[in-house]
Amino acid sequence: MKIALYQFAPLWGNVPGNLKKIESILCSHANIDLWILPELCTTGYLFNSKVEIGSVSEPFPGGQTSSWLKSITKRLNASVIMGVAEKCKEKLYNSAIVFDNGFHVGAYRKIHLFDNEKNLFDPGNEAPEVFTVRGVRIGVMICFDWIFPEAARTLALNGAQIIAHPANLVLPYCPDAMVTRSIENRVFTATANRIGTERLSDGQQLTFIGNSQATNIFGKRLGQLSKDREGVLIFDIDPAESNSKSITQNNDLFMDRKPELYRLN
Ligand code: ACM
C-alpha cells in the first residue's frame, strides 16, 4: 500500500480555500492508495466559541467537504482520511472521515479532547474504530489520543494493521510516543500533523510542531517531515507485516497480556 501524508498550514475558517489547496497537492501525485491529512484541516484549529466553529462545521454526509471527498477519491481511485469539524444535529465533533473511491467508509469522533477543545466540541462516545479499506485494516485516532495508550491498543486489539493519525500537535512528545505505540502494538503508524501558528484576539496562540512521520511495526521511522515547512511524505508498506505479534518463541504481544491483573478501571 502506498501512503502519503500531507503536512500544511490550513487557511483559518476557509473550507473552500483548504479544499482547493489540498486538491492541488493530491492531483499532483499519481498512484497513491491512501492520503492522510491533518486534524481539522478544512477549518483551522483555534476558535473563540462553539458558534464560531459551528459556522464552518459540516454534516457528513451532506456538506461541501463530503461531496468533494466523494468526487476526488473517485477521480484518483484513492482513499482519504482527513480531520474535519463535523456537525451532527446539535452536536459538534472533532472527527476524522474515511473515504475510498467515491464512498464514505466511516468516521471516528475524537474521544480525548485537548485543552480548549473541551469548550468547542462534544467528545465522541464510541471507541476508536478499525476500517477495512482495500483489504487493509486501518485504525483511526486523532491527535491527543496518542497520550492514552489505550486508544492505540484498542485499535491494535481490534485488528488494525496501521494507525492513521490526523493531528494538530502542539506538545513535543508525540513523535517519540508514536514510535512506542508501534513497538508495543506491532503496527505501522502514520501521523499527519500541521504546521504554522494560529492566534485569537484574546491572546490565545498555538504553534504546531509539524514533524509528521510514519513508523514501521518495529518503531523505525520510515520518514519524517520538517517542523515548519509544508510537505508530502510518501512511503510503501506491506500491512500484513503487522499480523504476527510474536516477539520470541515464547512471547506473543497480545497473548501474554494479563488483563485480569491490570485493574484498569
Ligand atoms: C490536539 O489534540 N490537537 C493537541
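In what follows, every heavy atom counts, from backbone to side chain, and hydrogens, waters and symmetry copies are set aside. Every number for a ligand or one of its atoms is a count from 1 in the order of the listing.
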**Request:** Before accepting this row, confirm whether a basic side-chain N of the pair Glu39/Arg194 lies closer than 4.0 Å to the acidic partner's carboxylate O.
**Result:** no
**Asked** Do Asp252 and Ile247 have side chains that get closer than 4.5 Å, going by heavy atoms?
**Response** no
**Request:** Using the test salt bridge (Lys or Arg N to Asp or Glu O under 4.0 Å), find all partners of Asp176 that sit at least two apart in sequence or belong to another chain.
**Result:** Arg221
**Prompt:** Does Val51 sit in a hydrophobic cluster with other residues, and if so which ones, taking ILVMFWY side chains as linked at heavy-atom separations under 4.5 Å, directly or through other members?
**Reply:** none
**Qualifying ring-ring contact (aromatic ring centres under 6.0 Å, His included) pairs with a residue from residues 216-259, counting only residues at least two apart or across chains** = none
Run through all N or O atoms in ligand 1 and write down each protein N or O closer than 3.5 Å, as a pair with its distance.
from     : atom 1 : to     : atom 2 : distance (Å)
ligand 1 : 2 (O)  : Lys110 : NZ     : 2.7
ligand 1 : 2 (O)  : Phe144 : N      : 3.1
ligand 1 : 3 (N)  : Glu39  : OE1    : 2.9
ligand 1 : 3 (N)  : Glu117 : OE2    : 3.3
ligand 1 : 3 (N)  : Asn168 : O      : 3.3

**Asked** Are Phe144 and His112 an aromatic pair by the rule of ring centers under 6.0 Å?
**Response** no
